[in-house]
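One structure is given below, encoded as structure tokens.
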Amino acid sequence: MGELSLSSRTTSFVGSSRKQSDPLTFNLILVVFVVSFGTWFSLGYNVVALNSTQMVVVDWIRMVGCGRLESSTPQNHSSPSQNHSSPSQLDLWCHPINASHFTGQDLIELLGANTELNSLWAVTATCLSIGKLFSAVTSRPMIKRFGLKTSILLNAVIVAVGTVISCLAQLLDSYEMLITGRIIVGFVVGSSCVLTPMFVAEVSPVTRRGALGTLPVVMFALGTITATVLGLPSILGNSWGWPILLGLHLIPVGLMGMVLPFCPETPRQLLLKTNKRTTDWARNSLIWLRNSPNVEEELQNMLQVMEQETEHRQISLPGIFRDPFLRSSLWLASVPFMAMQLSGFSCLSFYSTAIFSDSGLTRVEAIYATLGVWIVCLVMTIVSGGLVDRVGRRLLLLSSHVGVVLSLSFLVLTRALTEQLNYAWTKYGSVAAIFGFIVSHGASLMSVPWILGAELIQQEARVAAMTFFCVVVWLCELAGALLFPIVIPLAREYTFTLFIGFTLFTGSFIGWRMPETKGKTVQEIQQFLRARKAPFQFSQF
């Protein structure tokens with residue numbers, strides 16, 4: 001979700017010195033809405049699509065495994081030594097349960113007893129992140145080869161293929177199809193983190209980029225809320241409805257596929273061809289977007305900026321690692337990105353319903369609590385936009401770390417009391433702790449890392465650095481979400497102490513080394529970082 005913050009904030013800064021006079025035309029609003037709805041709504045939707053349906057999907061995987069074991073048993077009856085389906089295995093996979101009445105504790109005990117099932121569920125839940133990692137190395141070549149508009153449309157076709165594969169998994173009794181389809185979908189939503197912000201920035205007037213840049217974030221939040229509501233057991237969060245739930249995000253994707261082909265490519269992508277014909281195409285694109293023939297000044301400004309960019313040789317990621325200063329800046333900026341996911345947010349994204357259920361809520365109550373989490377997350381993302389330039393990046397990050405540690409500590413305490421003493425009030429304390437975590441995390445950890453990533457890295461290395469930061473975020477998301485279902489049956493209520501430890505580490509590092517960048521130009525920040533010679537000097541700007 002945080003991937004858009006960079007484009008929104010840096011581009012709004014560029015336009016802050018100009019008059020807020022650029023019109024918001026129907027064509028401009030249409031194309032930004034359609035692309036945001038077709039990409040970032042799908043991103044948010046898919047992140048939480050399996051969250052509220054975890055119990056029924058786990059039960060389906062168990063039944064598929066049971067059927068395979070039962071079908072293999074008669075073939076091996078004559079040779080007991082070759083019979084891989086022992087009675088204990090059959091009982092483990094095939095004993096009847098009612099998933100609709102399963103509690104969170106029952107689910108954790110089931111997964112804890114069947115490690116193979118637990119591993120399959122962990123991979124199924126996190127394969128979206130695996131697909132995102134693949135997109136990190138393909139997005140920029142795709143843009144270079146096809147341009148933004150065509151790349152987005154190609155991704156729409158790919159996500160449709162992945163979704164169809166996922167939806168057919170239940171019909172064909174193949175959890176491998178579900179995993180494969182989700183990896184393909186993950187590849188597309190990962191690409192959307194790069195393509196959509198670039199598209200919105202390139203079609204928007206400088207003075208409107210900040211406002212229009214928030215629309216994908218809103219669509220992401222609406223996607224998470226929609227998927228959570230549709231995941232209620234009375235709607236599609238049941239044994240027959242979850243494949244349909246996985247497929248409904250194709251509605252906005254289909255709408256985008258019908259509208260976007262009739263919209264022009266972004267002017268900047270057309271200008272990259274650097275010939276007179278494509279300059280005319282770029283002019284026509286601007287005329288369509290601005291609904292006005294008076295676009296020469298904006299077109300010349302674009303050409304000027306592109307000429308300035310060609311004068312500065314871009315530094316690759318290997319080049320960053322070879323330069324001691326750039327390498328140290330890269331690691332400094334990476335720590336807030338690690339904190340974004342290793343504080344526990346990735347686990348909450350994928351498993352919040354199970355966490356609420358294990359805290360003592362019923363499944364329906366847990367889904368409503370998850371819905372509340374995403375609404376609060378949206379509100380805090382909006383609030384953080386007003387705080388970051390008032391409070392400052394460093395102070396806001398440190399405040400979030402304190403709030404996250406306190407919230408997680410209280411969560412461990414209330415879950416321990418629920419587990420050991422079975423107090424009735426403690427389940428509501430656990431819910432309050434999780435909402436406190438969301439408020440604290442949303443205040444800065446979703447947005448500030450992207451701002452610092454742009455401010456701490458010099459212009460020539462920024463493109464490579466931002467790709468690296470995306471990989472860091474997705475790797476941390478994958479690690480946390482993959483290990484969580486494996487660790488929680490073992491550590492139970494103390495699982496969250498791991499996230500407390502990570503948060504204490506990243507918070508200490510930020511307090512020790514991170515400079516305050518509020519009100520400073522990129523040049524001033526770079527000068528300060530170069531002048532800071534003492535390796536153990538505390539960061540004060």
Side-chain angles (χ1 to χ4, degrees), residues 1 30-53 56-57 60 124-125 127-132 134-135 139 142 146 148-172 174-196 199 215-232 235-263 349-350 374:
M1 176 178 176
L30 173 68
V31 73
V32 172
F33 172 82
V34 165
V35 170
S36 301
F37 190 42
T39 57
W40 275 58
F41 181 94
S42 178
L43 169 60
Y45 188 98
N46 279 286
V47 165
V48 302
L50 293 181
N51 189 326
S52 55
T53 59
V56 292
V57 174
W60 169 75
T124 302
C127 55
L128 209 67
S129 300
I130 298 173
K132 289 180 184 179
F134 287 125
S135 72
S139 295
M142 182 182 289
F146 299 108
L148 280 172
K149 173 187 165 182
T150 304
S151 296
I152 291 171
L153 289 172
L154 285 173
N155 271 347
V157 175
I158 297 171
V159 80
V161 172
T163 302
V164 170
I165 293 173
S166 298
C167 294
L168 291 175
Q170 186 189 48
L171 181 65
L172 300 177
S174 172
Y175 48 73
E176 294 88 352
M177 288 183 65
L178 176 60
I179 293 171
T180 302
R182 295 281 289 172
I183 290 175
I184 295 172
V185 171
F187 169 83
V188 173
V189 298
S191 295
S192 298
C193 295
V194 177
L195 299 177
T196 302
F199 187 92
L215 188 58
V217 178
V218 173
M219 290 299 167
F220 175 93
L222 289 176
T224 62
I225 292 169
T226 302
T228 303
V229 171
L230 293 177
L232 285 165
I235 305 179
L236 293 175
N238 47 57
S239 59
W240 61 266
W242 66 265
I244 301 173
L245 175 66
L246 292 182
L248 287 181
H249 76 102
L250 290 182
I251 294 175
V253 174
L255 175 64
M256 180 183 71
M258 290 188 290
V259 175
L260 189 58
F262 299 98
C263 303
S349 300
F350 290 108
W374 291 114

Can you give me the closest heavy-atom contact between [X] and [Y], atom names plus distance?
X    : Y    : result
L178 : A169 : N-CB, 3.6 Å
A227 : V48  : CB-CG2, 3.6 Å
S239 : V56  : N-CG1, 4.1 Å
C167 : P243 : SG-O, 3.1 Å

Could you check whether any side-chain heavy atom of [X] comes within less than 4.5 Å of a side-chain heavy atom of [Y], counting everything from C-beta outward?
X    : Y    : answer
T226 : L248 : no
L50  : L128 : no
I183 : F187 : no
L195 : T39  : no

Item checked: From CA spacing to verdict: side-chain contact (heavy atoms from CB on, under 4.5 Å), F199, L260 -> CA-CA 12 Å; F199 187 92; L260 189 58; 4.2 Å; yes
Please list every donor-acceptor pair under 3.5 Å in which a side-chain atom of residues 149-161 meets a protein atom from a residue at least two apart or in another chain.
from	atom 1	to	atom 2	distance (Å)
K149	NZ	P261	O	3.2
K149	NZ	C263	O	2.5
S151	OG	M142	O	3.2
S151	OG	G147	O	2.5

Taking the side chain from [X] and the backbone from [Y], do they hold a donor-acceptor pair closer than 3.5 Å?
X    : Y    : value
S42  : G38  : no
R182 : N46  : yes
S135 : K132 : yes

Next item on the list: Among T228, L222, V229, find the one that has a side-chain contact (heavy atoms from CB on, under 4.5 Å) with W374.
Entry: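 Single side-chain contact (heavy atoms from CB on, under 4.5 Å) partner of W374 among T228, L222, V229: T228.
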To the nearest 0.5 Å, what is the distance between [atom1] on [X] and [atom2] on [Y]?
X    : Y    : atom1 : atom2 : value
S166 : L246 : OG    : CG    : 6.0 Å
F220 : C193 : CZ    : SG    : 8.5 Å
L230 : L245 : CG    : CG    : 6.0 Å
S52  : W242 : OG    : CH2   : 12.5 Å
I165 : E176 : CD1   : CD    : 13.0 Å
F41  : T196 : CZ    : OG1   : 14.0 Å

Note to self: Holding to ring-ring contact (aromatic ring centres under 6.0 Å, His included), I want the full list of residues that pass it with F33, two or more places apart in sequence or in another chain.
What the structure shows: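 Partners of F33 by the ring-ring contact (aromatic ring centres under 6.0 Å, His included) criterion, ordered by chain and then number, come out as F37.
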